[in-house]
Structures are given as C-alpha cells and as structure tokens.
Undergrad: 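Quick one: the structure is below, and I'll ask about it shortly.
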Amino acid sequence: MKTTPMILLLFAGVLLMAAPAARGEVVWHDPWLNWDFINTLTMTVNDFAIVVDDPDGTFNPDPNDPNQVLIGMPFPFFAVSSQFADYDGDGDLDTMLKWSGADVVPDSFAHGGLYMLGSGLVLDAFWSINGTKVGWSTPITYERTRIDDDPAVHMELTIASGFFKDEANPYWPNQEAGWMHIRTFVNIPAELLSLEDLNRGLELDVLKEMDLEVPPVDAETGLPIGYEDTIWGVPDSFFDVFLADIPPEFASPEYEALLYAEVVSQGEVVGQFWNLNPQSPEPAALSLLALGALALIRRRRRS
C-alpha cells in the first residue's frame, strides 16, 4: 500500500511529459519573477509595494511558502492585501503586495520574488513610508512565458502601466523605461536553480560556460538583441524575446529557461530582473505537478 502514491505520481509525471500540446497550441506559463529595486529617490523609505491585476480574486501567494514568495532583503516582512481596490479601473478588484520592515536609503536596493500563479499583469510598483506612497512609480517589469508547440520558448516583457501614468514623475509625460543587457539561457536542469537563487549573487557566466546561453531575438524583427542594446518599453504592450527552439529531450519540466535583464529609466539603471520557467509545452501547474513527482521519485531512489 505504501507504494501506491508513488506509482500514481510517477504515472502522472510520465503522462504529463509524454503528452505534447495540441498542434498549433500556445501555452502560457505563470512566471517566477525576481526583482531588484533601486531606491532612486532622495529619501529613505521602509516599504515597497506592487499592485497586480487579479480579475478572478485568486492571486494570493503564501508568504510562508518559499516556493511562492521570496521575502528577500533587507525586508523581513511580506503581506498580501487581496481585493483592495479597482486600481486600473477595469471593473474588478486588484491585489497589493508589500515588502516592509527595514530602511532602504537612497541608491541602495531591495530584493523580492514571487510565483505569479493565477495573477494578471503587474500594474504598478512604488516605494512607501509606513504604507504611504512617496515619490513616483517604479518601472517594474512583468513577464509572461510562452511555449509554442514546436516547442519554442518566448518571454514577453512589459513595463507596468502605472509608471507611464504617474504625473508625479519629473519626466512625465515623456517617461522612458525598458531593458538592457538582456541575457537568455535554456536547457537548465530544474534542480540547479530555485526562486531564492535568482538574485545578483547568481553567476550568469557559470551558465554561459555550460553552453546554456543563446542569443535572444526580437520576435517582431527577427534580429538578434545585442548585450549592450537598450530596448524601450511601450505603454500597454509586450516586447517579445525569442529564446530558442527546444529539442524534444529538453521539452519537459526537468529543464528550465532563464531571462535576465537590467531595467532602465531615462537611461539610468533602476533595477534588475530575473525570470525562470519550465521548458514544458504543458500548463505551468501541470508541469510543476510532474516536476514534484520526479523529485519524489529521486528522493525515493536515494533512500
């Protein structure tokens, strides 16, 4: 009887990885996002807030689950204020996420990460003092990962619309924000990286030495994106970065794709951004189930 759950998990994992997506299907994966935010204001702050579109009211990451929330540094606390307001005026209530409990002086940074399961777009982000917004919105990046049935991996980037709409920004209405130093990696063994690894301590050159880097391509023009290129965001639109075609043997949740970029505003670096997703032509939740099954199998074999 003790082996029955293991057999079921093994069966589920094999089925999920063996069954390809329907021909012509595009699968969107809920992204694993990590950010560094640089305090570009002239004052010390003690909170950082992110507002996320939550049309179904189901986005509620658990701060006690390290696979969903990276509380990060220097903040010791993370809280979710679900369904607090219709922030973007689209008729539904949205969700605010807040890191807090530590001072961040000008020109220093804070770090945090989330598994965006069930979320919509990141709408806005800003520094605050004891819960009250100060300064102007930060150009936070939201990413969604697309896996075509080839399979091929694309990562589509956008800047939160709140940045462009914030009239407190001294550059309003001519704000410029985007990404530079974009680097992409594919075929990374899933056990190599987790949410907590995605920070400035991650040595990207180690991945390069493992021949996992491929030159990213602007999917609209088909042209490679150079390491020094700055790609400017456009309000309410996505920039499509094509990473690579994935050989069938790597098209499973046992392998992941990573995108890294610096976030720039008016030509100044204001943050960094990491995204990690399974290279599976299956919905993210199913991929994670299969990956969990494989992890249990590995532990079973070691015991």
Side-chain angles (χ1 to χ4, degrees), residues 31-52 69-75 78 96-100 102-116 119 121-128 133-144 155-166 168-172 175-184 195-202 204 216 225 227-235 238-239 241 258-276:
W32 301 78
L33 300 179
N34 269 28
W35 305 274
D36 272 356
F37 315 102
I38 298 174
N39 179 6
T40 59
L41 306 179
T42 58
M43 65 190 81
T44 297
V45 294
N46 59 16
D47 307 311
F48 190 86
I50 296 177
V51 182
V52 176
V69 176
L70 180 67
I71 295 180
M73 61 176 295
F75 295 129
F78 174 85
M96 177 179 284
L97 313 163
K98 184 180 293 183
W99 287 265
S100 63
D103 288 341
V104 180
V105 301
D107 298 322
S108 63
F109 75 95
H111 183 86
L114 291 169
Y115 176 36
M116 308 297 288
S119 84
L121 289 173
V122 173
L123 302 173
D124 202 359
F126 47 83
W127 296 102
S128 57
K133 179 181 177 180
V134 293
W136 50 90
S137 295
T138 295
I140 188 173
T141 296
Y142 175 74
E143 183 277 341
R144 58 185 186 182
M155 291 187 178
E156 300 190 356
L157 309 177
T158 188
I159 299 292
S161 58
F163 168 79
F164 296 106
K165 297 175 181 177
D166 190 348
N169 190 318
Y171 300 105
W172 190 87
Q175 299 101 316
E176 288 185 325
W179 311 273
M180 65 183 299
H181 292 165
I182 294 176
R183 299 183 68 178
T184 58
L195 190 63
E196 63 184 8
D197 298 315
L198 306 179
N199 56 61
R200 60 181 59 202
L202 176 62
L204 294 176
I225 301 167
Y227 180 70
E228 297 294 339
D229 287 351
T230 299
I231 309 300
W232 296 109
V234 178
F238 282 89
F239 177 75
V241 179
L258 172 69
L259 182 147
Y260 162 81
E262 291 179 342
V263 181
V264 293
S265 174
Q266 308 300 134
E268 176 186 1
V269 176
V270 295
Q272 298 180 74
F273 165 72
W274 297 258
N275 176 65
L276 184 69

Undergrad: Verify side chain to side chain donor-acceptor pair (under 3.5 Å) between D124 and S137, making sure each step is shown before the conclusion.
TA: CA-CA 7 Å; D124 202 359; S137 295; 2.8 Å; yes
Undergrad: Tell me whether the rings of W179 and F239 are parallel (<30°), tilted (30 to 60°) or perpendicular (>60°).
TA: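 Plane angle under 30°, so parallel.
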Undergrad: Distance-only, no hydrogens or angles: does the H111 side chain make a donor-acceptor pair with backbone N or O of P74 under 3.5 Å?
TA: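 Not confirmed, H111 side chain does not pair with P74 backbone.
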Undergrad: Does F109 reach the side chain of Q272, with side-chain heavy atoms less than 4.5 Å apart?
TA: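 No, too far: nothing below the 4.5 Å cut-off.
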Undergrad: At their closest point, which heavy atom of P139 faces which heavy atom of V263, and how far apart are they?
TA: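 Shortest heavy-atom contact: O-CG1, 3.2 Å.
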Undergrad: Quick check: closest heavy atoms across V52 and L123, and the distance to 0.1 Å?
TA: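 Residues V52 and L123, closest heavy atoms: C-CD1, 4.1 Å.
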Undergrad: Measure the spacing between CZ of F48 and CG of N39 and express it to the nearest 0.5 Å.
TA: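 Rounded to the nearest 0.5 Å, the CZ-CG separation comes out at 9.5 Å.
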Undergrad: Where does the angle between the aromatic ring planes of Y260 and W274 fall among parallel (under 30°), tilted (30 to 60°) and perpendicular (over 60°)?
TA: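 Tilted.
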Undergrad: Might you work through the side chain to side chain contact (heavy atoms under 4.5 Å, CB included) test for T141 and I159, ending with a clear yes or no?
TA: CA-CA 5 Å; T141 296; I159 299 292; 4.0 Å; yes
Undergrad: Of the non-hydrogen atoms in W172 and D166, which two are nearest, and what is the gap between them?
TA: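 Closest approach of W172 to D166: CD1-O, 3.3 Å.
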Undergrad: Side chain to side chain contact (heavy atoms under 4.5 Å, CB included), that's the test. Do V134 and M43 meet it? Break it down for me.
TA: CA-CA 9 Å; V134 293; M43 65 190 81; 3.8 Å; yes
Undergrad: Could you tell me whether a side-chain N or O of E143 sits under 3.5 Å from a main-chain N or O of L157, the two making a donor and an acceptor?
TA: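 No, the answer is negative, given that no donor and acceptor are paired below the 3.5 Å cut-off.
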Undergrad: Identify the two heavy atoms, one from W32 and one from N275, that lie closest to each other, and give their separation to 0.1 Å.
TA: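 Of all heavy-atom pairs spanning W32 and N275, the closest is O-OD1, 2.9 Å.
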Undergrad: Mind listing the closest non-hydrogen atom pair of E228 and H181 along with its distance?
TA: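 Closest heavy-atom pair between E228 and H181: OE1-NE2, 3.2 Å.
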Undergrad: Return the minimal non-hydrogen interatomic distance between S108 and V105, and the atom names on each side.
TA: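 In terms of heavy atoms, the two residues are closest at OG-O, 2.6 Å.
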Undergrad: Side chains of D36 and R200: does their closest heavy-atom pair fall under 4.5 Å?
TA: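 Heavy-atom side-chain distance check passes, below 4.5 Å.
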Undergrad: Apply side chain to side chain contact (heavy atoms under 4.5 Å, CB included) to residues L258 and L198 and explain how you reach the verdict.
TA: CA-CA 9 Å; L258 172 69; L198 306 179; 4.0 Å; yes
Undergrad: Exactly one of F126, F273, F163, F37 should register a side-chain contact (heavy atoms from CB on, under 4.5 Å) with I140. Which one does?
TA: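 Per the side-chain contact (heavy atoms from CB on, under 4.5 Å) rule, the option paired with I140 is F37, out of F126, F273, F163, F37.
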Undergrad: On the 0 to 90° scale, with breaks at 30° and 60°, tag the W127-F75 ring pair as parallel, tilted or perpendicular.
TA: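 Tilted.
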Undergrad: S128: what forms a side-chain hydrogen bond (donor to acceptor under 3.5 Å, both in side chains) with it, not counting sequence neighbours?
TA: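 So S128 forms a side-chain hydrogen bond (donor to acceptor under 3.5 Å, both in side chains) with D47.
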Undergrad: Nearest 0.5 Å, please: how far is CG in D107 from OG1 in T42?
TA: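 Answer rounded to 0.5 Å: 10.0 Å.
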